[in-house]
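Contents: one structure, followed by commentary.
Because the structure is a prediction, the values reported are computed rather than measured. Start at 1 and go down the list; that is how both ligands and their atoms are numbered. In this chain, residues are counted from 1 in sequence order.
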Amino acid sequence: MEFKIGCHLSSAGGYMAMGQTAVSIGANVFQFFTRNPRGGAAKPVDPADAKAFCAYAAEKGIGPILAHAPYTLNAAGAEERVREFAESTMRDDLKRLELTPGALYNFHPGSHVGQGAETGIALISGMLNRILTPAWQTTVLLETMAGKGSEVGRNFEELRAIIDATELGDRVGVCLDTCHVWDGGYDIVDDLDGVLARFDSILGLHRLKAIHLNDSLNVCEAHKDRHACIGKGKIGTDALARVINHPKLRDLPFYLETPNDLDGYRAEIALLKTLRANA
Ligand code: FE
Ligand code: FE
Ligand code: ZN
């Protein structure tokens with residue numbers, strides 16, 4: 001299968017602009033924030049722009065696109081207004097994504113802010129139970145987290161617990177972030193096969209729908225979540241080359257969230273294509 005590689009792009013100019021930017025840097029997938037990542041109201045989506053993009057994406061072989069929920073979305077918050085913002089934001093995001101059928105929607109499960117992981121898991125699955133319907137054409141993904149602060153989803157077991165408590169859990173997928181799992185204590189450098197075996201036994205590899213491809217500034221199990229450019233961190237180019245070429249991962253879409261401008265992303269995508277071709 002074709003190598004699906006791209007990066008995070010600004011959504012300020014709309015869908016068509018993102019599609020054209022992706023093509024200009026050699027990407028065939030991309031991620032974007034559904035709205036300001038630090039919160040606030042979303043700009044309305046222009047249905048004509050979304051429609052034009054869908055035709056362009058089909059023509060150029062772009063997709064799946066990955067919409068990322070804002071960082072401020074915290075379904076596990078202690079305050080009701082925080083949880084209500086999370087719920088109304090996700091519902092609104094999913095409604096908008098119906099204009100681009102077949103998209104992925106990734107969110108950070110949340111931070112339990114001292115209430116404990118069990119309470120956090122119950123709050124997150126509770127929100128999903130109120131929002132998810134079989135009618136949505138978008139696949140919702142839980143992101144693997146680094147375990148910074150009180151983040152829920154710090155290990156595969158916590159993600160599994162959210163899915164188990166969600167009625168439509170069969171339709172919920174997972175986005176694996178290489179920086180986050182490494183920071184969370186999964187040694188993808190020396191034991192990628194072992195990590196994938198654990199993922200498979202706890203979550204099922206069929207749930208893995210996307211990879212955030214990032215190096216990490218910190219050592220394994222640091223629980224810090226500081227992304228680095230490919231080869232500029234503690235994971236390193238060789239280990240990330242094994243990730244994109246692994247038989248169980250290679251058909252998934254890969255999204256860079258490395259600290260880059262567009263030229264940096266263009267160079268990183270070119271590098272990864274070389275590492276893929278030479279494997
Ligand atoms: Fe994320
Ligand atoms: Fe990520
Ligand atoms: Zn991160």
Practice item. Return the name of the atom in Asp177, of element N, O or S, nearest to the Fe ion (ligand 2). Key: OD2
Practice item. Decide yes or no on side chain to side chain contact (heavy atoms under 4.5 Å, CB included) for Gln31 and His212, but give the supporting numbers first. Key: CA-CA 10 Å; Gln31 173 179 271; His212 281 166; 2.6 Å; yes
Point to revise | N/O/S from His180 sitting under 2.8 Å away from the Fe ion (ligand 2) | key: no
Exercise for review: Report, rounded to 10°, the angle at the Fe ion (ligand 1) between the two atoms NE2 (His68) and OE1 (Glu143).
Suggested key: 100°
Exercise for review: Ignoring hydrogens and angles, state whether a donor on the side chain of Glu143 or His180 is under 3.5 Å from an acceptor on the partner side chain.
Suggested key: yes
Review point. Just by distance, with hydrogens left out, do His108 and Asn106 show a side-chain donor and acceptor under 3.5 Å apart?
Key: no
Point to revise | Salt bridge Arg35-Asp93, side-chain N to carboxylate O under 4.0 Å | key: yes
Point to revise | Candidate list Asp177, Thr178, Thr258, test side chain to side chain donor-acceptor pair (under 3.5 Å), partner Asn214, passing option | key: Asp177
Check your understanding: Of the options Leu123, Ile163, Leu168, Thr166, which is the one that meets Leu128 in a side chain to side chain contact (heavy atoms under 4.5 Å, CB included)?
Key -> Thr166
Practice item. Would you please test Phe33 and His8 for ring-ring contact (aromatic ring centres under 6.0 Å, His included) and show each step? Key: CA-CA 8 Å; Phe33 283 122; His8 188 91; 4.6 Å; yes
Study note, to complete from the structure: Note: ND1(His212)-the Fe ion (ligand 2)-OE1(Glu257) angle, rounded to 10 degrees, equals 80°
Review point. Under the salt bridge (Lys or Arg N to Asp or Glu O under 4.0 Å) test, which residues partner Asp190, sequence neighbours left out?
Key: none
Exercise for review: State the count of protein N/O/S atoms located less than 2.8 Å away from the Zn ion (ligand 3).
Suggested key: 3
